[in-house]
Amino acid sequence: MKFFKKFDVTKVKALSFDLDDTLYDNHPVIKRAEEIFAVYLQNRYHLPQGFGTDSFWSSMKLALGFKHPEFKEDVTKLRVHTLYEGFKALNRPLPRGMKEAEELVAYFVSIRSKAKVPASSFKLLTELRKHYPVAALSNGNSDLKISGLFQSFDYNLRPSFLGLKAKPHADLFNAYASMLNIKAENILHIGDEPYSDVHGAVYAGCQCAWLYRGFAGDSLGFSEVRVLPQVALSNLCELKELLNI
């Protein structure tokens, strides 16, 4: 545990957590989900081998994000439109259009939500909820019911649920504070990502505990830090010490 700014535990009235790479290792989950989904598309639509490569879908996603900046606030909507427009560009338009694209993405989400959440994360959340309300504050589309984390949170805030801007914008942090009728400074946000989590929390006025390099040590480090959090954690277990629990 390393402190960069004054941390006032007496101000903490609520906790918020990022999900992916904070409470579990998300890299293998996403990799597996993308591989399964690619095979599924190929088999369902009888696509030739290599038809619609990773680079094709990536460039399509970037182009749509540039043309429709609002899609960047909702990763599910962005994936839906990427599939819809991508199949059109490949001269294989989806028979049922956008509805079919939505169903495809729902299938993808069901796969990407099958994270192997360790018992230690469940135990920590259970202990923390005895002292604070705890919210999931994520830009992602992981389904908490599928991952098993649904009962571990008091609140589940996503841009897609509330029509708000994604982290690092302050919207989710402010919404959480409003729900509890507290100030942003009364929230301690825990996350791995230097920009969306640290930058977002600090500029929203929250206190921030940065899980340095993430759950599995694969997240971005100091080279991507734009503002300093109150504290950097080497592992989630240090939270109990930080909060005097």
Side-chain angles (χ1 to χ4, degrees), residues 1-27 62 65-66 69-75 78 121 124-125 128 132-140 142 153 155-160 162 164-180 182-244:
M1 188 186 309
K2 183 175 182 179
F3 289 90
F4 299 103
K5 300 176 182 177
K6 180 182 178 182
F7 172 70
D8 190 346
V9 69
T10 64
K11 288 185 177 180
V12 179
K13 297 180 180 180
L15 307 178
S16 62
F17 278 85
D18 178 48
L19 295 172
D20 295 343
D21 297 312
T22 295
L23 290 168
Y24 51 84
D25 184 5
N26 190 55
H27 288 85
L62 285 172
F66 182 77
E70 68 275 14
F71 290 172
K72 295 179 182 179
E73 310 300 336
D74 185 339
V75 293
L78 178 57
S121 291
L124 175 65
L125 291 171
L128 293 175
Y132 303 97
V134 180
L137 224 72
S138 172
N139 290 345
S142 177
F153 289 101
Y155 301 90
N156 182 17
L157 284 73
R158 314 290 182 92
S160 57
L162 303 170
L164 301 175
K165 289 185 176 182
K167 299 178 296 183
H169 294 286
D171 294 33
L172 292 178
F173 300 104
N174 290 339
Y176 186 32
S178 295
M179 287 176 181
L180 298 177
I182 59 177
K183 297 178 180 179
E185 66 181 12
N186 299 132
I187 297 171
L188 174 65
H189 180 68
I190 303 97
D192 72 294
E193 218 286 325
Y195 187 49
S196 62
D197 288 313
V198 178
H199 180 95
V202 170
Y203 275 91
C206 304
Q207 297 195 81
C208 180
W210 176 33
L211 183 59
Y212 177 64
R213 298 308 299 263
F215 186 88
D218 297 326
S219 298
L220 297 172
F222 276 101
S223 62
E224 300 301 319
V225 169
R226 303 186 182 196
V227 294
L228 290 173
Q230 270 68 28
V231 60
L233 308 175
S234 59
N235 61 73
L236 287 178
C237 294
E238 292 180 335
L239 262 178
K240 292 174 65 178
E241 179 185 350
L242 179 68
L243 295 168
N244 298 324

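Note: hydrogens, waters and symmetry copies are ignored here, and every other heavy atom, side chains too, is used.
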task = Nearest 0.5 Å please: distance from the NZ atom of Lys183 over to the NZ atom of Lys13.
result = 8.0 Å
inquiry  = Looking at every heavy atom in both Phe173 and Ser196, which two are closest together, and how far apart are they?
reply    = CZ-O, 4.5 Å
ask   = So do Glu224 and Tyr195 actually touch side chain to side chain, heavy atoms under 4.5 Å?
value = no
query = What is the minimum heavy-atom distance between Asn174 and Ala204, and which atoms define it?
reply = OD1-O, 4.3 Å
request  = Side-chain contact test, heavy atoms from C-beta onward, threshold under 4.5 Å: evaluate it for Glu73 versus His169 and give yes or no.
outcome  = yes
task = Could you tell me whether a side-chain N or O of Asp171 sits under 3.5 Å from a main-chain N or O of Lys165, the two making a donor and an acceptor?
result = yes
key: Atom of Lys5, atom of Val202 and distance for their closest heavy-atom approach   = NZ-CG1, 3.8 Å
query = What residues, two or more places apart in sequence or in another chain, satisfy salt bridge (Lys or Arg N to Asp or Glu O under 4.0 Å) together with Glu185?
reply = Lys11
message = Do Phe17 and Leu239 have side chains that approach each other closer than 4.5 Å (heavy atoms only, starting at C-beta)?
response = yes
key: Main-chain N/O of Asp192 paired to Thr22 side chain as donor or acceptor, under 3.5 Å   = yes
query = In Å, rounded to the nearest 0.5 Å, how long is the span from CG of Leu23 to CG of Leu125?
reply = 5.5 Å
query = Side-chain contact, heavy-atom cut-off 4.5 Å: Leu188 with Leu242?
reply = yes
Which residues share a ring-ring contact (aromatic ring centres under 6.0 Å, His included) with Tyr176, sequence neighbours left out = Tyr155
remark   = Heavy-atom closest pair (Leu78 atom, Gly65 atom, distance to 0.1 Å) is CD1-N, 4.2 Å
message = A side-chain contact here means heavy atoms from C-beta on lying under 4.5 Å apart; do Tyr24 and Leu19 qualify?
response = yes
ask   = Does Glu238 reach the main-chain N or O of Met1 with its side chain, forming a donor-acceptor pair under 3.5 Å?
value = yes
message = Would you say that Trp210 contacts Asp197 through its side chain, given a criterion of any heavy-atom pair below 4.5 Å between the two side chains?
response = no
message = So Phe7 and Leu243, do their side chains get closer than 4.5 Å, heavy atoms only?
response = yes
ask   = Ignoring hydrogens and geometry, is there a side-chain-to-backbone donor-acceptor pair from Gln207 to Asp8 under 3.5 Å?
value = yes
key: Residues Asn139, Asp20; criterion side chain to side chain contact (heavy atoms under 4.5 Å, CB included); working and verdict   = CA-CA 9 Å; Asn139 290 345; Asp20 295 343; over 6 Å; no
query = Taking all non-hydrogen atoms of both residues, which atom of Phe4 and which atom of Pro229 are closest, and how far apart?
reply = CB-O, 3.3 Å
note = Taken to the nearest 0.5 Å, the spacing of Ile190 CD1 from Leu128 CG works out to 7.5 Å
inquiry  = Please check: side-chain N/O of Arg158 versus main-chain N/O of Asp74, any donor-acceptor pairing under 3.5 Å?
reply    = no
query = Just by modelled atom types, is the Asn26 backbone N or O under 3.5 Å from a matching donor or acceptor in the Asp21 side chain?
reply = yes
request  = Write down the atom of Pro159, the atom of Ser138, and the distance for their closest heavy-atom approach.
outcome  = CD-O, 3.3 Å
Ile187 vs Leu137 side-chain heavy atoms within contact, under 4.5 Å = no
